[in-house]
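Single-structure report; data block below.
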2 protein chains.
Amino acid sequence: MDYKSKKVIGMGVITELTGLSERQVRYYESKGLVFPERTKGGSRKYSFHDVERLIDVASKLEDGWRIQDIKEREKRLSSKQRDDLIRGQLNSAFRTYPTKK
Amino acid sequence: MDYKSKKVIGMGVITELTGLSERQVRYYESKGLVFPERTKGGSRKYSFHDVERLIDVASKLEDGWRIQDIKEREKRLSSKQRDDLIRGQLNSAFRTYPTKK
DNA sequence: CGTGTAAGGAATTCTGACACG
DNA sequence: CGTGTAAGGAATTCTGACACG
């Protein structure tokens with residue numbers, strides 16, 4: 001695991017780095033947008049990747065997105081990627097669809 | 001500044017990552033071997049680079065080095081690097097010393 | 001010299017709830 | 001729905017000191 005994905009950043013630094021409030025960060029977690037680890041005592045630990053993620057989420061919310069929209073769009077995206085992958089495999093195996101004509 | 005040098009890691013994670021005690025980490029700081037930043041409240045913040053540094057220091061201490069040795073050796077090293085740089089510049093400009101003969 | 005520890009305080013973070021809209 | 005806030009408690013971290021060797 002590289003530095004970017006290692007969960008080592010506490011809440012204080014997170015609010016500094018993202019500009020978000022503790023409330024916002026915890027709320028996004030409760031909605032399944034970020035997944036911090038915990039210390040034995042229960043404190044949250046985030047990665048630099050999480051920082052980028054939070055900033056991206058905040059940006060989308062400012063653009064009028066709702067949290068559910070963000071989650072669903074990403075679900076569709078990963079489904080599409082999966083479908084595209086399967087389709088590509090089928091295509092290379094059978095060439096079952098007309099190209100260009 | 002990249003992720004490796006950004007000071008975002010608190011004391012708790014530092015002791016986990018390095019295997020050192022808080023006492024050791026603070027003592028090495030008091031001797032000038034690491035330079036954490038501070039939160040407004042006064043808590044120390046370290047970088048991944050500091051983590052590597054601390055592990056290296058601990059390793060040398062186990063090998064029988066003293067903290068002063070570690071500091072002085074590094075001072076000599078950086079002096080040598082500086083001298084080498086200057087010597088190289090002089091050499092390329094004047095060729096004042098015999099090579100090989 | 002390098003490290004452990006008990007002491008007391010201050011800063012940090014957590015959860016659940018009430019509020020607004 | 002997304003966020004602010006006051007409340008109370010628990011976990012975290014800090015400093016300065018005494019101890020050992």
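Remember, predicted model here, so these are calculated numbers, not experimental data.
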Using a strict 4.0 Å threshold on nitrogen-to-oxygen distance, state whether B:Lys45 and A:Glu16 make a salt bridge. yes
If only side-chain N and O atoms count, and only distance matters, is there a donor-acceptor pair under 3.5 Å linking A:Asp56 with A:Ser59? no
Which nucleotide, in any strand shown, forms a Watson-Crick or G-U wobble pair with D:dG16, with both distances under 3.5 Å? none
Evaluate the side-chain proximity of A:Tyr27 to A:Leu33: yes if any heavy-atom separation is below 4.5 Å, no if none is. no
Expected rows: protein N/O vs nucleotides 12-16 of chain C N/O, under 3.5 Å:
from, atom 1, to, atom 2, distance (Å)
C:dT12, OP1, B:Thr39, OG1, 3.2
C:dT12, OP1, B:Gly41, N, 3.4
C:dT13, OP1, A:Gly12, N, 2.9
C:dT13, OP2, A:Gly12, N, 3.3
C:dC14, OP1, A:Arg44, N, 2.8
C:dC14, OP1, A:Arg44, NE, 2.8
C:dC14, OP2, A:Arg26, NE, 3.2
C:dC14, OP2, A:Arg26, NH2, 2.8
C:dT15, OP1, A:Arg38, NH1, 3.1
C:dT15, OP1, A:Arg38, NH2, 3.1
C:dT15, OP2, A:Arg44, NH2, 2.2

Can a side chain N or O of A:Tyr28 be found less than 4.0 Å away from OP1 or OP2 on D:dT3? yes
Determine whether A:Asp69 and A:Arg66 make a side-chain contact, defined as any pair of heavy atoms from C-beta on separated by less than 4.5 Å. yes
Mind checking who C:dA6 pairs with, Watson-Crick or G-U wobble, both distances under 3.5 Å? none
Interatomic distance where CD belongs to B:Gln24 and C1' belongs to C:dG2 [whole Å]: 8 Å
Once you round it to whole Å, what is the distance between C1' of C:dG2 and CG of B:Asp69? 13 Å
When all nucleic acid strands are considered with a 4.0 Å heavy-atom cut-off, which category describes A:Arg66: base, sugar-phosphate, or nothing? sugar-phosphate
At less than 4.0 Å, is any side-chain N or O atom of A:Tyr27 found next to OP1 or OP2 of D:dG2? Yes or no. yes
Salt bridge check: are B:Glu29 and B:Arg53 linked by an N-O gap of less than 4.0 Å? no
Atom CZ of A:Arg23 and atom C1' of C:dC20: how far apart are they, to the nearest Å? 12 Å
With a 4.0 Å cut-off on N to O distance, would you call B:Lys60 and B:Asp63 a salt bridge? no
